[in-house]
**Q** 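Below is a structure I'd like to ask you about.
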Number of protein chains: 2
Amino acid sequence: MSLDDRKKVILQAIVDDYVTTCEPVGSKALIDRHNFTLSSATLRNEMADLEKLGYIEKPHTSAGRIPSDKGYREYVDSLMHIDTISNAEKKDIESRIATGVGEVTDLLKNATNTLSTKTGYVSLAMTPVLKKSYLTQLKLLMIEPGKALVVVVLSAGVVKDKLVRIPNFLTDVQVNEISRAVEKQLSGMPLDEITLITVASSVKNTSIPDSFLNQVLYEAYTAIKQADKLDVYLEGKNRILSIPEFNDVGRAKGLLDTLSDDGMVAGYVNELGTEEISEGDDSYMIRIGQEIALEGLEDCSFITTTYKVGDKISGNIGIIGPKRMEYSKVISQINFVRKTLNDEIKKING
Amino acid sequence: MSLDDRKKVILQAIVDDYVTTCEPVGSKALIDRHNFTLSSATLRNEMADLEKLGYIEKPHTSAGRIPSDKGYREYVDSLMHIDTISNAEKKDIESRIATGVGEVTDLLKNATNTLSTKTGYVSLAMTPVLKKSYLTQLKLLMIEPGKALVVVVLSAGVVKDKLVRIPNFLTDVQVNEISRAVEKQLSGMPLDEITLITVASSVKNTSIPDSFLNQVLYEAYTAIKQADKLDVYLEGKNRILSIPEFNDVGRAKGLLDTLSDDGMVAGYVNELGTEEISEGDDSYMIRIGQEIALEGLEDCSFITTTYKVGDKISGNIGIIGPKRMEYSKVISQINFVRKTLNDEIKKING
DNA sequence: TGTTGGCACTCGGATGTTTTGAGTGCTAAT
DNA sequence: ATTAGCACTCAAAACATCCGAGTGCCAACA
């Protein structure tokens with residue numbers, strides 16, 4: 001017994017109905033809402049089959065059916081047709097993303113914000129994976145005696161900085177000297193090849209005592225390594241509380257607690273990101289329910305896609321919502337956000 | 001009829017009990033837990049009086065009493081005695097705050113984090129009020145053709161920066177020239193005296209065409225103004241979901257929605273901050289329930305205190321919790337965090 | 001006059017019972 | 001293979017009951 005066409009149509013209808021009503025759907029209700037040329041009895045038989053095959057399940061004996069993870073999977077893989085997105089909405093998304101932008105991270109913030117508002121779910125974006133990028137500039141900027149700003153510029157156009165302490169008596173001129181020497185040595189070097197040793201060995205023959213020099217270089221090193229860190233933008237966490245599935249404070253807290261651990265989310269998404277995403281214009285990845293290996297997300301789906309910074313560097317952007325989600329709509333939105341984001345990044349990085 | 005000593009003791013007992021049990025307290029229970037030399041009947045009379053006076057109220061006819069806002073107010077103003085804080089806890093707080101610190105904002109983040117963990121409530125801190133401070137440095141740093149980093153250093157030791165777009169053909173040397181000119185003109189100037197005009201008029205007689213120069217200066221100006229912005233650090237929002245009062249998703253959402261509007265919270269706290277806080281070592285401000293003019297915080301209390309950066313500049317730090325809160329404990333913690341924060345800031349700004 | 005034991009009363013919350021109705025599976029007829 | 005029909009299930013809603021911590025008030029007492 002496998003999924004014949006009729007079963008597919010029925011499964012599709014069940015998912016569609018459940019998504020909109022959030023209530024288990026029964027044979028009668030299904031007949032009412034769609035004009036099947038079927039009796040409810042036949043439908044029941046088919047539904048019993050679908051259940052045996054694992055595509056739908058019953059919360060309890062005398063209730064309707066809800067899609068299982070496998071059912072959703074079948075749905076997103078081969079049943080749904082992706083929405084088109086109206087021109088008005090396109091305009092809206094474009095203007096939201098392009099507003100008040102100075103650098104790539106601004107775009108990411110805007111994009112997550114937009115996604116969250118548009119979908120009504122939690123959205124997230126990660127900064128580009130910088131490991132694959134290299135250092136283009138490093139500047140030490142004297143702020144006042146004992147304090148300097150390390151400015152790190154990476155190939156992806158990402159700029160990070162860090163305020164560090166330096167020996168009190170170092171002069172403006174000396175700091176400049178170090179700055180130039182380090183930059184000369186390191187610029188162009190891939191980030192993961194930069195070690196404390198390469199940094200330390202970059203400056204030689206200066207008037208500055210070694211021990212102090214090393215202190216400065218160490219700070220420069222940590223600043224570089226810190227720039228390497230993945231940042232996560234999560235938007236719209238509060239919206240979780242509006243989702244019926246999370247009407248229970250306990251559940252909501254479970255989910256929110258997990259989400260508030262940026263590192264954990266980042267790690268997970270990053271891992272996913274290494275999996276293959278086909279290279280089309282409309283490519284995305286979906287993780288449904290138990291497929292998500294994060295505590296508290298058992299009733300959620302995770303839809304991510306990738307954006308690009310230049311040729312090789314990419315990052316992830318996507319949303320987290322309930323399994324019971326209007327996939328077709330959300331996916332169309334994500335795809336358009338991704339497209340806009342890519343375009344805008346190109347504009348910035350010219 | 002006013003609050004005689006016995007009534008005060010009773011009110012105190014009611015608040016204490018209610019805070020720990022989260023259940024309306026009745027005459028019998030009160031007698032059981034405290035060894036009053038009173039019968040429950042007398043107690044009932046006294047409680048009826050306290051109710052008439054508005055210090056306590058009944059959720060419904062046949063229930064015990066809970067403190068009213070006025071009751072809490074009386075409690076915090078004259079009934080409670082502030083906890084002392086153990087040495088172990090002091091050490092803990094000190095180490096949490098002083099760990100991994102580079103600049104003042106790091107301290108603030110650590111401090112809010114500490115406060116939230118220690119109290120179990122939401123904690124918040126605001127960056128120093130910068131209006132009273134002045135500009136000490138302004139640097140334009142060429143990143144690549146068309147892009148520059150504006151670094152703004154303020155008297156409070158606060159460093160902010162912003163990546164801006166500049167005309168493509170401007171050279172490193174030209175950017176430096178502008179940078180020096182602007183800094184020379186503006187450094188030492190109070191932030192609120194800096195206007196687009198003062199910035200624009202700071203550079204004269206250069207080789208750069210006016211229209212392009214103006215573009216750069218405009219970006220510098222917005223960067224300065226942006227540095228002027230108050231930042232709010234809010235920590236531990238999730239903890240709200242663990243508070244019995246907010247076991248209801250609707251309420252929790254109301255509160256969280258308000259809190260997620262940083263600007264609104266900042267505005268409110270800032271307004272409060274202008275009110276007088278006495279200058280003792282242990283000074284704090286409490287707003288209880290309806291006294292808080294923010295939607296969704298009707299069942300909350302707001303405890304804030306101020307920290308200092310140098311002589312004149314100060315910022316706020318505090319917590320938001322349920323009205324039903326162990327005030328004495330929380331206040332002692334806030335005070336110690338404040339003290340530690342002040343000490344550490346002095347260390348940094350030396 | 002303030003205190004106290006006593007008592008009738010209240011009412012939210014817990015517990016138990018009944019009803020309802022949408023849903024199911026199965027069977028026999030088409 | 002499809003379908004009408006029927007007996008059965010069970011969560012949720014509606015209704016009923018009970019319990020007890022709590023109250024206010026009164027009359028008696030120090």
Side-chain angles (χ1 to χ4, degrees), chain A residues 1-11 13-15 17-18 20-68 71 244-245 247-248, chain B residues 1-11 13-15 17-18 20-68 71 244-245 247-248:
Chain A
M1 188 162 44
S2 86
L3 274 197
D4 56 48
D5 281 357
R6 191 168 70 177
K7 284 196 177 58
K8 282 185 184 172
V9 173
I10 293 172
L11 178 56
I14 292 174
V15 175
D17 274 22
Y18 182 62
T20 53
T21 65
C22 189
E23 309 238 304
V25 355
S27 51
K28 291 236 184 75
L30 210 51
I31 294 272
D32 286 353
R33 272 192 291 262
H34 308 72
N35 34 9
F36 288 129
T37 57
L38 272 180
S39 74
S40 64
T42 315
L43 203 48
R44 277 202 292 283
N45 290 331
E46 291 288 49
M47 285 166 83
D49 287 350
L50 280 171
E51 187 174 358
K52 264 180 220 138
L53 291 166
Y55 292 100
I56 54 181
E57 50 199 28
K58 277 184 291 194
H60 57 265
T61 333
S62 71
R65 307 300 214 292
I66 61 174
S68 66
E245 277 88 337
N247 221 335
D248 173 73
Chain B
M1 187 163 41
S2 86
L3 276 197
D4 56 47
D5 282 355
R6 191 168 70 178
K7 283 195 177 60
K8 283 184 185 170
V9 173
I10 292 172
L11 178 55
I14 292 174
V15 175
D17 275 21
Y18 182 61
T20 54
T21 65
C22 188
E23 309 238 304
V25 356
S27 52
K28 291 234 183 78
L30 210 52
I31 294 272
D32 286 353
R33 272 192 289 265
H34 308 71
N35 36 6
F36 288 130
T37 56
L38 272 178
S39 74
S40 65
T42 315
L43 202 48
R44 277 202 289 285
N45 290 331
E46 291 287 51
M47 285 167 82
D49 285 351
L50 280 170
E51 187 173 0
K52 263 180 221 140
L53 292 166
Y55 292 101
I56 55 181
E57 50 199 28
K58 276 184 291 194
H60 56 266
T61 336
S62 70
R65 309 299 216 292
I66 62 175
S68 65
E245 277 88 337
N247 221 334
D248 172 74

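Chain letters run A, B, ... following the sequence lines, proteins first and then strands; every chain starts at 1. The structure presented is a predicted model; accordingly, all values stated were derived computationally and were not measured.
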**Q** Give the rounded distance in Å between these two atoms: CE of Met47(A) and P of dC26(C).
**A**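 These atoms are roughly 15 Å apart.
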**Q** Could you check if a side-chain atom of Leu30(A) sits within less than 4.5 angstrom of a side-chain atom of Ile10(A), using non-hydrogen atoms only?
**A**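 The answer is yes, as the side chains (C-beta and beyond) meet within the 4.5 Å cut-off.
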**Q** Specify the separation, in whole Å, of atom CZ of Arg33(B) and atom C1' of dA21(D).
**A**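 To the nearest whole Å, that distance equals 12 Å.
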**Q** With a 4.0 Å limit, can you tell me whether Lys58(A) has a side-chain N or O closer than that to the phosphate oxygens OP1/OP2 of dG25(C)?
**A**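 Yes, Lys58(A) has a side-chain N/O under 4.0 Å of OP1/OP2 on dG25(C).
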**Q** Closest-nucleotide mapping onto DNA chain D: is Thr61(A) or Gly26(B) further toward the 5' terminus? I mean the 5' end.
**A**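 Counting from the 5' end, the first nearest nucleotide belongs to Thr61(A).
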**Q** Across the strands shown, which category fits Ala41(B) at heavy-atom distances under 4.0 angstrom: base, sugar-phosphate, nothing?
**A**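 Answer is base: heavy atoms of Ala41(B) come under 4.0 Å of a base.
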**Q** Can you tell whether the side chains of Glu46(A) and Arg6(A) come within less than 4.0 Å, N to carboxylate O?
**A**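 A salt bridge is present here (some side-chain N lies under 4.0 Å from a carboxylate O).
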**Q** Atom CG of Leu43(B) to atom C1' of dT4(C): distance rounded to whole Å?
**A**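 Going from Leu43(B) (CG) to dT4(C) (C1'), I get 12 Å.
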**Q** Check the distance between dG2(C)'s P and Leu38(B)'s CG and give it to me in whole angstrom.
**A**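 From Leu38(B) CG to dG2(C) P: 14 Å.
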**Q** His60(A) side chain: which of dA11(D), dG5(C), dC11(C) is closest?
**A**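 So the nucleotide nearest the side chain must be dA11(D).
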**Q** Any side-chain N or O of Ser62(A) below 4.0 angstrom from OP1/OP2 of dT9(D)?
**A**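 No.
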**Q** Considering non-hydrogen atoms only, spot the tightest contact between Ile66(A) and Pro24(A) and give its length.
**A**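 Residues Ile66(A) and Pro24(A), closest heavy atoms: CG2-CA, 3.8 Å.
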**Q** Between Ala13(B) and His34(B), what is the shortest heavy-atom contact and its length?
**A**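 The pair with the smallest heavy-atom distance is CB-NE2, 3.7 Å.
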**Q** Think Arg6(B) has a side-chain N or O under 4.0 angstrom from the OP1 or OP2 of dG2(C)?
**A**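 The answer is no; no side-chain N or O of Arg6(B) sits under 4.0 Å from OP1 or OP2.
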**Q** Starting at atom CZ of Arg65(A), determine the distance to atom P of dC10(D), rounded to an integer number of angstrom.
**A**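 For the pair Arg65(A) CZ and dC10(D) P, the rounded distance is 14 Å.
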**Q** Send over the distance from Lys7(B) NZ to dT3(C) C1', rounded to a whole Å.
**A**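 Value for this atom pair: 13 Å.
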**Q** Quick check: does any side chain N or O of Ser27(B) sit under 3.5 Å from a backbone N or O of Leu43(B), one acting as donor and the other as acceptor?
**A**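 Checked: no pair found.
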**Q** Please tell me if Ser39(B) has a side-chain N or O lying less than 4.0 Å from either OP1 or OP2 of dT3(C).
**A**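 Indeed not, no polar side-chain atom of Ser39(B) lies that close.
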**Q** Return the value, rounded to whole Å, for the distance between atom CD of Glu57(B) and atom P of dT23(D).
**A**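 Value for this atom pair: 14 Å.
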**Q** Per the atom types in the model, does the base of dG5(D) pair as donor or acceptor with the side chain of Arg44(A) at under 3.5 Å?
**A**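 Present.
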**Q** In this structure, how many angstroms lie between the P atom of dG6(C) and the CG atom of Asn45(B), rounded?
**A**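 Roughly 16 Å, once rounded to whole Å.
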